[in-house]
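In what follows, chains carry the letters A, B, and so on, assigned in the order in which the sequence lines appear, proteins first and then strands, with residues in each chain numbered from 1. The figures here come from the full heavy-atom set of this structure, side chains too, leaving out hydrogens, waters and symmetry mates.
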Protein chains: 2
Amino acid sequence: MEISLKIGVMRQDSRLSRMLHVLVHMSNATHPLTSEAIAKMLQTNPVVIRRTLAHLREEGFVESTKGHGGGWILSRSLDSMSLYDVYEAIGAPELFALGLSSDSPTCLIEKAANAALSKSLRQAEKTILSQFKAVKLSQIAKAARP
Amino acid sequence: MEISLKIGVMRQDSRLSRMLHVLVHMSNATHPLTSEAIAKMLQTNPVVIRRTLAHLREEGFVESTKGHGGGWILSRSLDSMSLYDVYEAIGAPELFALGLSSDSPTCLIEKAANAALSKSLRQAEKTILSQFKAVKLSQIAKAARP
DNA sequence: CCATACGTAACATTATAAGTTACGTGAAAG
DNA sequence: CTTTCACGTAACTTATAATGTTACGTATGG
């Protein structure tokens, strides 16, 4: 008898969540963290880690070094990084799962329906992004201390 | 030579958008609208229409009749239906494309990161849903009149 | 020179909305 | 009563993007 719990498969983009997690770990580390070690933390694959962290490196949030003793380190303080910064760094992925029926509808009704919907979503986007800007990673680190 | 424009494929859930569109059309119609006619409006397949409208029927927003002259009609006024009502009727689908890394993290840092993220998202959810509640379909219909 | 660790291309997997096919049921037209 | 229409629904396929995996190249420290 096999008791295999199929753990909640994510169909949503979890990169932001993962990067927040990693960055705080990095700030606690005294040595560079290897992709493999990070992958173990996040229960995923080293290549996935490298891929996503590469974006953060491009934005100057982390640095990577090769070879012995290499890995990933923070290049800025958690206090200088907001949730928004990380979100932007990974490419500002789509926030919403709801979409419009058509890009450029000719039907007036469709236009009006899309307008109503996107007005609400734009408003919510403002809410999210302003909250993202208001949260520094240092706050997360602080909240994680027992 | 074939010039086939691959029109923007939606990877997001467009059911809400589509249903808003359909319902307003229904309110203007003097006869029941067939799934096929609706599918043509929305540039999709009749079965997709029946599937989604079935939810609205269960909630008492529309009725369907079979056979000659059959199709879909509104059973309530657009003025009595909010965007939120439709959203709920189709099953209150996931609003956000961003997800958390794990359902029940044991890592304190992961917990803190997820908490920060979901706090923002919950706030945004409130924004969206309260806006959905504030918009009646009759407003969309009105906005669509030239 | 060898082990380590990132860089990256190429490919496989997965989940879900969406699309499609097929056939059943019921109702109106004749 | 038979035909046609239109919904009801099961079963299957498709599409897409994040995710996962394999493989190999490159740089670095010992």
Testing C/dA17, C/dG7, C/dG19 for proximity to the side chain of A/S64, the answer is C/dG7
Find the distance A/Q12:CD to C/dT16:P and express it as a whole number of Å.
10 Å
Side chain B/R51 and base C/dG19 donor-acceptor under 3.5 Å:
yes
C/dA9, C/dA18, D/dA18: which one has an atom nearest the side-chain heavy atoms of A/V47?
C/dA9
Just the rounded figure in Å: distance from C1' of D/dA18 to CG of B/L100.
16 Å
Report the nucleotide, chosen from D/dA23, D/dG8, C/dT20, that has the shortest atom-to-atom distance to any side-chain atom of B/N45.
C/dT20
Value in whole Å for how far the P atom of C/dG7 lies from CD of A/E36
15 Å
Would you say A/L53 and A/I73 are hydrophobically clustered, going by side-chain heavy atoms of ILVMFWY under 4.5 Å?
no
Let me know the distance between CG of A/L56 and P of C/dG7, rounded to the nearest Å.
12 Å
From CG of A/D13 across to C1' of D/dG20 the rounded distance in Å is 15 Å
With a 4.5 Å cut-off on side-chain heavy-atom distances among I, L, V, M, F, W and Y, is there a chain of contacts connecting B/V22 to B/V135?
yes
Rounded interatomic separation in angstrom, taking CG from B/L53 and C1' from D/dT9
15 Å
Have A/R57 and A/S64 got a donor and an acceptor in their side chains that come within less than 3.5 Å?
yes
Identified side-chain contact (heavy atoms from CB on, under 4.5 Å) counterpart of B/L56 within the set B/L74, B/L23, B/D85
B/L23
Separation of atom CD1 in A/I49 from atom P in D/dA18, rounded to whole Å
16 Å
Between atom CD in A/E63 and atom C1' in C/dG7, what is the gap in whole Å?
16 Å
Taking 4.0 Å as the cut-off, does a side-chain nitrogen or oxygen of B/R57 come that near to OP1 or OP2 on D/dC7?
no
Interface polar pairs with nucleotides 1-5 of chain C, N/O, under 3.5 angstrom:
residue	atom	partner	partner atom	Å
C/dA3	N3	A/H68	NE2	3.4
C/dT4	O4'	A/H68	NE2	3.4
C/dA5	O4'	A/G67	O	3.3

Among residues 85-96 of chain B, which ones have heavy-atom contacts with DNA chain C below 4.0 Å?
none
Can you check whether B/W72 reaches B/I38 side chain to side chain, under 4.5 Å on heavy atoms?
yes
Quiz question: by atom type and distance under 3.5 Å, do the side chains of A/T52 and A/R15 form a donor-acceptor pair?
no
Looking at every heavy atom in both B/A97 and A/F96, which two are closest together, and how far apart are they?
CB-O, 3.6 Å
Shared hydrophobic cluster, A/L129 / A/L20 (ILVMFWY, side-chain heavy atoms < 4.5 Å):
yes
Is there a donor-acceptor contact under 3.5 Å from the side chain of B/T65 to the main chain of B/G70?
no
